[in-house]
Each structure stands twice: as structure tokens, then as C-alpha cells.
Amino acid sequence: PPPIPRGPGSRPRSGGSGERRVGHRNSLIIPAHSPGSDEGLEQVKAYPQRSGDIKEACAAVEGLLANAALLPKEKSQLNLVLDVLHSAQQSLAESPQRIMQNHASRPTSSRKQLQRKSTKQALIEQIDQAEDIDVTTKEFLHMFAADGQPHKRKTLRQIVQAIMFMSRLRTSTNDTAKKAFVHSTSMEVGDTLKEALDSMGSVQQFDVFHVDVVTEHHPLVPVAMSVVSSHGLQSYISPGKWRAFVAQIEDLYADRPYHNRLHAADVTQMVHVIVASKPRIFSELHLVATLFATVCHDVGHPGVTNSFHVNTADDLAITYNDKSVNENMHCALSYRTQLKDSCQCFEPLSREQYTAVRKLVVDFILGTDMVSHFDNMKQFKHALEEFGTDIATWESPGMVLHWVVHAADISSTARPLHTADRWTGMLTKEFFDQGDRERELGLPISPLCDRHTVSTVNAQIGFVNFIVKPSFEVLAPLCEVQEALDNLNAYLVEYNGRLAKEKAAQEKEKANGEKERAT
């Protein structure tokens with residue numbers, strides 16, 4: 001998946017309240033029209049105060065560096081901006097005296113030119129000399145002294161106001177949103193659920209079946225709300241509408257043996273654990289797309305595989321041309337629900353951000369089709385060799401998240417053994433139910449779906465050895481997945497033991513049969 005804009009101001013919006021939004025996730029909100037500047041000597045006398053404003057700007061940038069949740073690249077850019085401001089402060093410190101000495105002998109037009117040149121020497125030339133500042137940041141800083149475009153020119157006072165306003169806005173928005181999220185859950189959850197959700201950060205301790213009991217079979221809403229709050233995504237998802245959306249999605253999960261709301265909540269928590277092991281690596285928009293895709297990845301699942309749809313030529317197969325039938329249906333159903341007035345949880349996003357998030361969501365959900373597993377695995381391994389183990393150096397972290405969602409989707413055996421056993425029984429029942437339907441319809445019985453011939457123990461050992469475990473092993477250099485790998489190894493030990501007993505029982509039964517025939 002391609003890189004996506006990093007924040008509310010990735011590109012200017014049309015219309016609106018007269019604000020221009022530029023830059024990355026932590027970009028500043030700049031008024032589109034600046035007030036007129038003073039003329040002549042009065043403006044020259046203002047330079048010392050502007051130098052003081054730069055001090056305030058430096059302090060504000062340092063505050064953002066200390067308090068804001070920044071990606072490494074964004075932190076680097078803010079440090080470069082800070083260097084530029086320090087250089088401008090030093091240059092401007094020498095400007096007033098020099099300008100005052102030459103003021104009397106210069107005509108008005110020349111004085112104005114000197115004022116503009118002085119500003120450029122103090123700021124714009126410093127920007128141009130900083131080769132490591134990216135294009136977006138340079139464009140942002142150049143707006144503070146744009147020759148020939150008075151309506152775009154920004155004073156140094158405005159940069160201080162913009163930085164401080166952004167800092168206040170970020171703090172205020174996050175605090176308000178957090179209170180809304182806490183209120184929306186605390187009114188309905190008691191101490192028992194709170195204790196259950198306290199284990200959200202652990203593969204080993206989290207028990208979705210316990211959460212299901214505590215919530216009276218509605219585990220997805222509290223899990224999804226908890227993940228949003230944990231990752232600080234409140235400024236990117238409308239709290240009330242996100243809750244309403246997840247509630248409707250949860251109701252659309254049918255009561256299938258395996259692909260149900262429990263599975264959705266379990267996968268969501270697994271994704272949360274993996275992503276949380278790499279704080280501040282993924283942008284908020286990447287995390288929003290990942291969470292949305294995870295919550296919705298099996299919504300409306302009919303309890304049968306894509307091959308069943310194709311072999312029966314049902315409406316879904318016809319609609320989606322036999323390609324990733326279930327996965328396409330999940331995407332469509334998710335966005336039909338999200339477009340309802342009460343569920344438009346993406347209201348805080350710009351159009352460009354919404355489009356980028358939607359593209360990622362579709363890629364992530366379609367990527368859960370097992371038909372594409374080995375091709376995607378090959379591409380992921382190639383990217384790992386090319387970009388290395390530091391996700392920050394990858395062309396797009398979306399590719400990592402794409403694989404995280406897929407790995408989490410097949411992670412039921414990566415839970416503690418007692419939980420993994422329960423999931424195995426549920427999946428086996430769903431497969432066998434499909435096999436029974438295929439038998440009744442006179443269709444070929446799909447792999448792993450014939451209850452009369454399939455050894456569940458043997459099938460699970462093969463699936464874990466060749467699909468699940470390699471999926472987590474390839475993630476290990478990038479994210480913390482050791483708990484899951486330990487559980488998978490324990491699962492294999494237990495199931496290999498069961499297989500040995502199963503084979504011994506079969507051999508004994510066979511020997512007894514031969515003995516009876518001989519007598």
C-alpha cells in the first residue's frame with residue numbers, strides 16, 4: 001500500500017473557515033489571510049520584538065518535541081525547524097541597528113526592500129541552507145516571507161501564534177476526546193469488565209471468552225473502544241459515531257461457530273498487542289485504517305469458504321466475479337454501514353485522508369484471503385530483505401500492517417492452549433458444517449471439511465507448521481511476537497502428542513481387527 005498523508009493537514013482543504021492546513025501530522029494551522037503590516041520606521045522598530053517572538057517560537061517547538069507523539073521523521077523535521085529559528089534569532093539580533101543607521105538615507109521603496117531582504121536573511125536563507133529539511137516543511141516555512149504575495153506573507157509573530165495554537169488545540173482536543181471515550185464506556189462497564197480489559201496488552205492473559213460473558217455477548221465494542229483510547233486516536237475518529245458504528249458492525253456478525261463477533265474482538269486485540277510493541281512508528285492514520293479493517297474484516301461472514309460460493313454460483317459469487325468473495329463482501333458491508341449518518345466516524349478526516357484510509361482498509365481486508373497467503377508472504381520477505389528490520393526505513397509501513405492484520409486473523413492457535421483448543425473446536429465445527437452442506441448438495445467436499453475422514457489434530461499441526469507459525473516468524477524481526485510464538489510451539493508440542501496417541505490407537509484398532517479376522 002502507498003504512503004498516506006500524516007495528519008489533519010496533509011493538503012489544503014477547499015472552503016471551510018478560512019484556515020490553511022499544511023504539512024505533516026503535527027503541522028501547524030495557519031490563517032489563510034494575514035493582517036496588514038506596519039509601514040516604514042514603525043515596522044523597523046518592531047524587529048526587536050520579533051526577535052523575542054522567535055524565542056517564544058523556539059520554546060513552543062521545544063514543547064512539541066517534548067510532549068507530542070511524533071514519528072522519528074517528524075521529530076527530525078521539527079529539530080531542523082528549531083535550528084532554523086535559532087539561526088534567524090541570531091541574524092535578527094543584528095538587524096535593527098544596521099537598518100536604523102541606513103534608514104534616513106534611503107527612499108521608502110528602498111527601505112521596504114531592505115525590510116524584506118532582512119527578513120529573508122534571517123529566515124528564508126537559513127531554510128534554503130538546511131538541505132535535510134523536506135519539501136513540505138520548506139514550503140511551510142517559506143510562507144512566512146513570500147515576496148510579491150502579501151496575502152501569503154506571514155510574520156514571525158504569526159509563527160509563534162500558530163505553533164502555540166496548534167499545541168493548545170492538540171492538548172484540548174485529545175483531553176476532550178479522551179473524556180468522551182472514558183464516559184462512553186464507564187457508564188456501562190463495571191469492575192469485572194475493567195479487569196478483563198486491563199489485560200488488553202497481553203496475548204497470554206487476555207481472554208475474549210471472559211469478556212464475552214461479562215459484556216453479555218457484545219465483546220467487540222469495549223475492545224474496539226479500548227484500542228482507540230490506548231493509541232490516542234480520538235482526534236481522528238468521532239467518539240460517539242465510532243461507538244455506534246462498531247455496535248452496528250457487531251450486530252452484523254452472524255452467530256457462526258467461528259467467524260463471529262468473538263473472533264473479531266480477539267483479532268482486534270491481537271493486532272493491538274503487535275502494533276503496541278512499536279510505539280510511535282505507525283502514524284495515526286495507519287492505525288485508524290488498521291483498527292477499522294480489523295474490526296470489520298469478517299463482518300457478515302456466512303460460515304462458508306469462497307470455494308463454496310463459487311461452486312454453488314450464489315449471489316455473492318456472481319456479484320464479486322468469484323474473486324475473494326467473502327472479503328469483498330466484508331469491505332462493502334463495512335462501508336455501507338459507515339456511510340450511515342449515525343456511523344460516520346471519519347468526520348475529523350479530510351477528503352484526502354479518508355480516501356487514503358479507505359484504500360488501506362480495502363487492501364488489508366482483501367489481504368486476509370488465504371488464496372493470496374503465499375504470494376503475500378513472498379513479497380513481505382522480499383521487502384524485509386530490501387528495507388531491513390527498522391520499520392521507519394520502509395517505503396510504507398502499510399505493508400507491515402497489512403501482514404499484521406493477516407497474521408492476527410489466523411492467530412487463534414497462538415493463544416494459551418486452553419483458549420486455542422476452544423478456538424480449534426469452533427473452527428472444526430464450522431468446516432464440518434460446510435462439508436455436510438456440500439455432501440447434501442452433491443458437491444465435492446472442500447479440504448478439511450469432511451467430518452468422516454479429516455483428522456483435526458493432524459490438520460491443525462499442518463496448518464500451524466506451514467501457515468501460522470511462519471506468519472509470525474517473519475514478523476519477529478519487526479515486532480514483538482514472542483508470546484504468540486511460544487504459544488504456537490506449546491500448541492504443536494501438545495498436538496503432536498495427541499497425534500502420536502491417535503496413531504497408536506489406530507494401530508491398536510487395526511491390529512485387533514486383523515486378530516479378529518484371523519480367528
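Computed from a predicted model, the values in this text were never measured in an experiment.
- Side chain of H309 to main chain of S307: no donor-acceptor pair is present (N/O by atom type, distance under 3.5 Å, no hydrogens or angles).
- When ring centroids are compared, F292 and F245 come within the 6.0 Å threshold.
- Residues forming a side chain to side chain donor-acceptor pair (under 3.5 Å) with T456 (at least two apart in sequence, or on another chain): none.
- If you check the side chains of E327 and N306, you find a donor sitting under 3.5 Å from an acceptor.
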Test log, rule ring pair (Phe, Tyr, Trp, His ring centres under 6.0 Å), inputs W242 and Y236: CA-CA 10 Å; W242 169 247; Y236 299 84; over 10 Å; no

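- In terms of heavy-atom proximity, A414 sits nearest to V203 at O-CG1, 3.6 Å.
- A side-chain donor-acceptor contact under 3.5 Å links N376 to the backbone of S372.
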I'd like to know whether E494 forms a salt bridge (charged side-chain N to carboxylate O under 4.0 Å, His left out) with R498, so could you lay out the CA-CA distance, the side-chain angles of the two residues, the decisive distance to 0.1 Å, and finally the verdict. CA-CA 6 Å; E494 173 64 24; R498 294 182 190 182; 2.9 Å; yes

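- Between D266 and R415 there is a salt bridge, since at least one side-chain N of the basic residue sits less than 4.0 Å from a carboxylate O of the acidic one.
- T424 places a side-chain N or O within donor-acceptor distance of the main-chain N or O of A420, the cut-off being under 3.5 Å.
- Summarising the geometry, atom CD1 belonging to I410 is positioned 11.5 Å from atom CG belonging to L427; distances are rounded to the nearest 0.5 Å.
- Inspection of the H297 and D409 side chains reveals an N or O donor paired with an N or O acceptor under 3.5 Å.
- A 4.5 Å side-chain heavy-atom check between F432 and L448 finds every atom pair outside the cut-off.
- Within a 6.0 Å radius of NZ in K429, no more than 12 heavy atoms belonging to other residues, nucleotides or ligands are found.
- The aromatic ring centroids of H263 and Y258 lie less than 6.0 Å from each other.
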Taking distance alone, no hydrogens or angles, what donor-acceptor pairs closer than 3.5 Å link side-chain atoms of residues 384-391 to residues at least two apart or in another chain?
from: D390; atom 1: OD1; to: A392; atom 2: N; distance (Å): 3.1

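- Of all non-hydrogen atoms in Q205 and S202, the two that sit nearest each other are N-OG, 3.0 Å.
- Of the possible donor and acceptor atoms, one in the side chain of N260 sits under 3.5 Å from a partner among the backbone N and O of L262.
- K241 and E347 are joined by a salt bridge, as a carboxylate oxygen and a charged side-chain nitrogen come within less than 4.0 angstrom of each other.
- H272 and H231 share a donor-acceptor pair across their side chains, judged by distance under 3.5 Å alone.
- Remark: the Q460 side chain and the Y491 side chain contain an N/O donor-acceptor pair separated by less than 3.5 Å.
- Ring to ring, W403 and F472 are not that close: their centroids are 6.0 angstrom or more apart.
- Across all their heavy atoms, N328 and Y320 have their closest contact at CB-CD2, 3.4 Å.
- For S446 and Q434, the side-chain atoms include at least one donor-acceptor pair closer than 3.5 Å.
- Listed here is the closest heavy atom pair of V481 and A476: CG2-CA, 3.7 Å.
- Under the 6.0 Å cut-off for aromatic ring centres, F380 and W394 qualify, their centroids lying closer than that.
- Aromatic rings of H330 and H301 (six-membered ring for Trp) have centroids within the 6.0 Å cut-off, being under it.
- With 3.5 Å as the limit, one finds no donor-acceptor pair spanning the side chains of H218 and E250.
- Remark: H418 NE2 is packed, more than 12 non-hydrogen atoms of other residues, nucleotides or ligands lying under 6.0 Å away.
- Side-chain contact check for D486 and Q482: at least one donor-acceptor pair (N or O, by modelled atom type) lies under 3.5 Å.
- Side chain of S277 to main chain of E480: a donor-acceptor pair is present (N/O by atom type, distance under 3.5 Å, no hydrogens or angles).
- Side chains of D207 and S199 form no contact here, defined as non-hydrogen atoms less than 4.5 Å apart.
- Proximity of T290 to V404: side-chain heavy atoms (C-beta onward) are nowhere separated by under 4.5 Å.
- The side-chain heavy atoms of K340 and Q344, taken from C-beta on, include no pair separated by under 4.5 Å.
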Can you give each donor-acceptor pair under 3.5 Å made by side-chain atoms of residues 462-471, sequence neighbours left out, with the distance rounded to 0.1 Å?
from: N465; atom 1: ND2; to: I461; atom 2: O; distance (Å): 3.4
from: K469; atom 1: NZ; to: N489; atom 2: OD1; distance (Å): 2.8
from: S471; atom 1: OG; to: I467; atom 2: O; distance (Å): 2.6

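- Side chain of T355 to main chain of R351: a donor-acceptor pair is present (N/O by atom type, distance under 3.5 Å, no hydrogens or angles).
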